[in-house]
2 protein chains.
Amino acid sequence: MATLGDLERTVMDLLWATPEAMTANALRDAIAEAPLGEVGRELAVTTVLTVLSRLEKKGLVERERDSRPHRYTSVTSREDHTAELMHEVLVTAPDREAVLARFVGSVSEAEAKTLRKLLGGS
Amino acid sequence: MATLGDLERTVMDLLWATPEAMTANALRDAIAEAPLGEVGRELAVTTVLTVLSRLEKKGLVERERDSRPHRYTSVTSREDHTAELMHEVLVTAPDREAVLARFVGSVSEAEAKTLRKLLGGS
DNA sequence: GAGTTTGTTCTACGATGTGTAGAAGAAATC
DNA sequence: GATTTCTTCTACACATCGTAGAACAAACTC
């Protein structure tokens with residue numbers, strides 16, 4: 001289970017929010033500008049690079065090694081990643097149906113409607 | 001997000017699997033007997049107690065302080081806990097509907113059937 | 001009720017993960 | 001070739017977790 005730290009999370013959020021690949025410098029700047037309600041921090045580029053390396057090792061990030069300032073992208077979309085995590089959590093329990101019952105009870109009506117639509121009629 | 005270590009997880013699994021409250025000694029013995037496919041370990045009782053304290057602080061475990069060998073129980077059922085975790089994961093993404101779409105695509109047919117049944121009406 | 005047994009709390013240490021970044025090395029640019 | 005830019009290596013502090021001994025408290029036993 002890939003559990004992320006705060007900074008790792010911030011970096012992933014930025015990569016997910018940006019369609020193009022980003023350089024470490026671009027990420028550092030984006031972080032400094034308090035991107036998503038977070039407190040903007042002035043980080044050293046090496047800090048960002050370290051985090052990117054770790055995310056790469058975790059399989060969440062890919063880097064283009066040929067382009068000179070390396071460019072980084074997320075391997076999966078945020079939605080895929082989140083859905084995958086949810087599934088990982090689900091399968092930790094032996095009685096998945098019971099878990100799903102509780103889960104369905106916890107989602108909003110709008111989300112329930114979405115689920116019905118996705119699951120098709122019947 | 002309460003992420004559990006291996007031993008913490010083992011302890012929770014035992015508490016969830018046992019209807020009655022358990023003492024630290026009972027837990028130590030249960031762990032030693034390789035409960036759930038795990039490698040049985042001979043742990044010191046203090047080790048188990050430390051883990052129980054930590055789980056208590058995390059809000060996952062409750063202890064009866066009056067009974068002399070303190071007895072420990074899980075605060076929530078495994079299913080509730082798992083469903084709650086899933087929901088926590090879900091709400092980390094801005095586009096929950098998209099996540100749910102991916103998630104529904106990843107569950108088995110049996111689980112999908114369960115979901116349909118649960119979502120039943122309208 | 002003093003001594004022994006049993007149970008709990010305190011403190012601690014090693015390993016791992018994460019935030020942080022400087023120093024050193026490699027590549028591009030001038 | 002010198003300077004700038006970028007990447008890798010190494011490192012440190014702090015938190016979490018597995019692990020448990022030492023010290024303290026309660027209970028049981030004559």
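So you know, we letter chains A, B, ... as the sequences are listed, proteins then strands, and number each from 1. Side chains are part of it too, since the values below use all heavy atoms of this structure and drop only hydrogens, waters and symmetry mates.
The local environment of NZ in B:K58 is crowded, with over 12 non-hydrogen atoms from other residues, nucleotides or ligands closer than 6.0 Å. Within 6.0 Å of CG in A:D66 there are more than 12 heavy atoms belonging to other residues, nucleotides or ligands.
Remark: B:R63 is not in phosphate contact with C:dG7, judged by side-chain N or O atoms under 4.0 Å from OP1 or OP2. OP1 or OP2 of D:dC6 has at least one side-chain nitrogen or oxygen of A:N25 nearer than 4.0 Å. OP1 or OP2 of D:dC17 lies within a sub-4.0 Å distance of a side-chain N or O belonging to B:K58.
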Inset, instruction - Could you encode protein contacts along nucleotides 19-30 of chain C as a string, one character per nucleotide from 5' to 3', using B for base contact, S for sugar-phosphate-only contact and - for no contact, with a heavy-atom cut-off of under 4.0 Å? - result: BBBBB---SS--
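The one candidate from A:V11, A:L4, A:L15, A:L52 that meets the side chain to side chain contact (heavy atoms under 4.5 Å, CB included) condition with A:L60 is A:L4.
Salt-bridge formation is detected for the pair B:R116/B:E109: a Lys NZ or Arg NE/NH1/NH2 atom is positioned less than 4.0 Å from an Asp or Glu carboxylate oxygen. Salt bridge B:E8/B:R54: absent, no basic N to carboxylate O contact under 4.0 Å.
Here the C1' atom of nucleotide D:dA20 and the CG atom of B:L52 are 15 Å apart, to the nearest Å. For the pair B:K57 NZ and D:dC17 C1', the interatomic distance rounds to 12 Å; values are reported in whole Å. Atom P of nucleotide D:dG18 and atom CG of B:L49 are separated by 15 Å, given to the nearest angstrom. Between the P atom of D:dT16 and the CG atom of B:L55 lies a distance of 14 Å, rounded to the nearest Å.
Listed by chain and residue number, B:D80 satisfy the salt bridge (charged side-chain N to carboxylate O under 4.0 Å, His left out) test with A:R102 (two or more places apart in sequence, or in another chain).
Side chain of A:R28 to backbone of A:V48: no donor-acceptor contact under 3.5 angstrom is found.
For DNA chain D, the neighbouring residues in residues 69-77 of chain A, judged by any heavy atom under 4.0 Å, are A:P69, A:H70.
Residues A:T18 and A:E20 have side chains in contact (heavy-atom distance under 4.5 Å, counting atoms from C-beta outward).
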